[in-house]
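Each remark here refers to the structure printed beneath this line.
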Amino acid sequence: MAPKQDVLMIESTVQASDTARWEAVAAKFNLNFIYYDCKSTDEFKERLKPGGPYNRIVAIVRNGWLKAGPLAYQVPFASDVVPHYPETLKLICCSGHGHDTADIDAITARGIWYCNTPNACTEAVANTALSLVLDSFRFLTYAQWCARFDWFKSRDLGLEAVDPTHKVLGVVGLGDIGLAVARKCEAAFGMTVHYHGPRRKPEAEQLFKQPAVYHSSVEDMIPHVDCIVLAAPYTPATHHMLSTKQFSLAKKGGLRVVNIARGQMIDEDALLEALESGKVVGAGLDVHANEPGVNPKLKDNWRVALLPHIGVCSGSSWENFDKINLDNVEAFFGTGKPVTPVNNII
Ligand SMILES: O=CC(=O)O
């Protein structure tokens with residue numbers, strides 16, 4: 001009988017798992033699951049070496065999020081790790097939409113499929129964005145603080161807070177998540193929608209009562225909108241896409257800034273200056289430039305609502321992660337090709 005094929009499972013303390021289906025797939029393709037428990041990326045590299053316990057792995061599956069504590073924020077698919085992968089490795093399945101922490105070019109050059117889990121957490125992230133949009137106008141997070149610690153400070157909000165009702169939303173990235181955010185903001189607040197992205201999406205524009213307006217640059221869009229939501233992938237082109245120049249273009253009354261994409265897309269120093277000058281009047285940030293951790297000056301600013309990158313954290317996302325990872329493992333071992341690769345292995 002052929003030896004079992006090792007699959008390295010990077011599990012999470014919080015994850016959904018269709019155990020019966022994983023067991024059935026393991027039995028069908030003679031898979032042996034081994035479980036990642038490295039304390040550091042260096043330990044991971046050691047274990048990938050000849051004679052090491054991970055030296056014959058055929059697939060890596062990162063289900064859910066990495067555990068908190070020493071395993072959190074290890075980056076097992078980064079440029080410095082890829083050269084350590086054994087020749088046997090042919091498939092990586094990683095929960096989540098973004099794949100900016102994986103070196104896709106290097107992984108592809110090694111002949112390894114890389115799959116994300118598209119559309120798995122659209123609903124969860126879009127709902128988080130909706131809440132942050134409201135917060136960026138109404139400062140409800142600050143009001144919570146007042147309820148706990150200083151009731152009468154909340155009275156100042158009477159002059160500062162406004163409603164998002166019938167205001168203009170500007171979405172950067174009208175993909176699955178950006179579109180869902182825009183539709184929710186239209187349905188909940190009657191907001192009209194402008195958007196920016198690499199190309200116009202005429203069909204998506206027509207999904208709104210008042211067709212969405214396309215701008216070929218973010219600079220062109222900012223003077224038209226009351227609130228900007230970042231929902232695009234993080235790439236060299238989107239690094240610091242909101243900085244001093246962009247904030248200076250805010251319309252009278254000020255801009256609100258919501259980020260549910262990646263922290264490095266905003267220059268946080270420039271954001272703090274824009275909050276100081278009144279170019280930006282509210283912000284809601286789920287993601288941060290230096291995760292895990294939040295800029296202390298942002299923490300001190302009552303106009304900023306902060307979350308610890310939990311946009312995705314909802315049971316529906318975890319169930320979808322597990323299902324899509326399973327679909328990819330099953331398709332790869334059955335046909336040689338996974339279902340949702342972001343790269344192409346010829
Ligand atoms: O941040 C979450 C994701 O990329 O899915």
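Order of appearance sets the numbers: ligands from 1, and atoms from 1 within every ligand. Just so you know, these numbers come straight off a predicted model, no measurement behind them.
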Verdict with supporting geometry, H224 and H194, ring-ring contact (aromatic ring centres under 6.0 Å, His included):
CA-CA 8 Å; H224 298 274; H194 288 228; 5.6 Å; yes

Mind running salt bridge (charged side-chain N to carboxylate O under 4.0 Å, His left out) on E276 and R303 for me, showing each step along the way?
CA-CA 10 Å; E276 195 60 38; R303 290 178 183 272; over 6 Å; no

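The pair D150-K153 meets the salt-bridge criterion, since a charged nitrogen lies less than 4.0 angstrom from a carboxylate oxygen.
Within the 4.0 Å heavy-atom cutoff, H99 does not count among the residues contacting ligand 1.
Remark: ligand 1 atoms within the under-4.0 Å shell around heavy atoms of G98 are 3 (C), 4 (O), 5 (O). Each of the atoms 1 (O), 2 (C) of ligand 1 lies under 4.0 Å from some heavy atom of H309.
Side-chain N or O atoms of S317 include one that pairs as donor or acceptor with a backbone N or O of V312 at under 3.5 Å.
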